[in-house]
Amino acid sequence: MTESLDDERMACWRAYIEASQRLFTQLEDDLRADSELSFADYHVLVLLSEAPGQRLRMGELAGRLVFSPSRLTYQISSMQKRGLVARESCPADRRGSEAVLTATGLLTLREAAPHHLRSARTHLMDDLDDAEIACLNRVFDRLGRRLRADCDASSTLSE
């Protein structure tokens, strides 16, 4: 019984990973075609636009993006050359620096966002077959049950 459950679980995760990779590639291609932004550029701009003062410490930004510090430095330098972000010293930490969203970056994000959202909806609806959708639904259902159980357990412990 557990072998078949483990096989099903592995098949679900494999399908999830394959569908996610295909979807990511399609979204990246569409985003570049519409706005000349990479997915990483877009993600940095979104995070900065949502941050207080539209600025984040580089370490916090790296953590949210799951980037290595050297990868983030390269990413920010590339975006800085195109005028999308600026890099300033951090008043709270003299050794650190912050990425700051520029007016050009905000405008670029506003122009790219509707195209990106439309592209995501299109690919989610058109490019996943019924088996992949059913598999993803099972995965998300299990994750939802697990999260609810964890929330219930933590609320019981805090009472």
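Contact annotation: the side chain of Leu109 never approaches that of Leu48 to less than 4.5 Å [non-hydrogen atoms, C-beta and beyond]. At a threshold of 4.5 Å between non-hydrogen side-chain atoms, the residues Leu37 and Leu45 count as touching.
Cluster membership check: Leu106 shares its hydrophobic cluster with Met79, using side-chain heavy-atom separations under 4.5 Å among Ile, Leu, Val, Met, Phe, Trp and Tyr. Cluster annotation: Leu65 is connected to Ile76 through the hydrophobic network of ILVMFWY side chains, with a link wherever side-chain heavy atoms come within less than 4.5 Å. When hydrophobic clusters are built by joining Ile, Leu, Val, Met, Phe, Trp and Tyr residues whose side-chain heavy atoms come closer than 4.5 Å, directly or via intermediates, Val100 is not grouped with Leu47.
Considering CG of Leu56 and OG of Ser97, their distance stands at 11.5 Å, rounded to 0.5 Å.
Note on ring orientation: taking the six-membered ring where Trp is involved, the planes of Phe39 and His43 are perpendicular (angle over 60°, cut-offs 30° and 60°).
Using modelled atom types, one finds a donor on one side chain and an acceptor on the other under 3.5 Å when comparing Gln75 with Arg71.
Within 6.0 Å of atom CZ in Arg110, 12 or fewer heavy atoms from other residues, nucleotides or ligands are found, so the atom counts as exposed in its surroundings.
Sorted by first and then second residue, the pairs that involve residues 74-90 and meet salt bridge (charged side-chain N to carboxylate O under 4.0 Å, His left out), not counting sequence neighbours, are Asp41-Arg82, Arg55-Glu88. For the side chain to side chain donor-acceptor pair (under 3.5 Å) condition, the pairs that include at least one residue of residues 61-70, sequence neighbours left out, are Glu60-Arg64, Ser68-Ser70.
Closest non-hydrogen pair, Ser38 versus Arg32, comes out as CB-NH2, 3.2 Å. Gly83 and Thr104 make their closest contact through O-CB, 3.4 Å (heavy atoms, listed as atom of the first residue, atom of the second, distance).
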Audit row: Leu27, Leu31, side-chain contact (heavy atoms from CB on, under 4.5 Å) steps and yes/no
CA-CA 6 Å; Leu27 292 175; Leu31 192 57; 6.0 Å; no

Practice item. Dump the intermediate steps for side-chain contact (heavy atoms from CB on, under 4.5 Å) on Leu84 and Val44, then the final yes or no. Key: CA-CA 10 Å; Leu84 301 173; Val44 167; over 6 Å; no

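Remark: the backbone N or O of Tyr74 is not paired with any side-chain donor or acceptor of Ser78 at under 3.5 angstrom.
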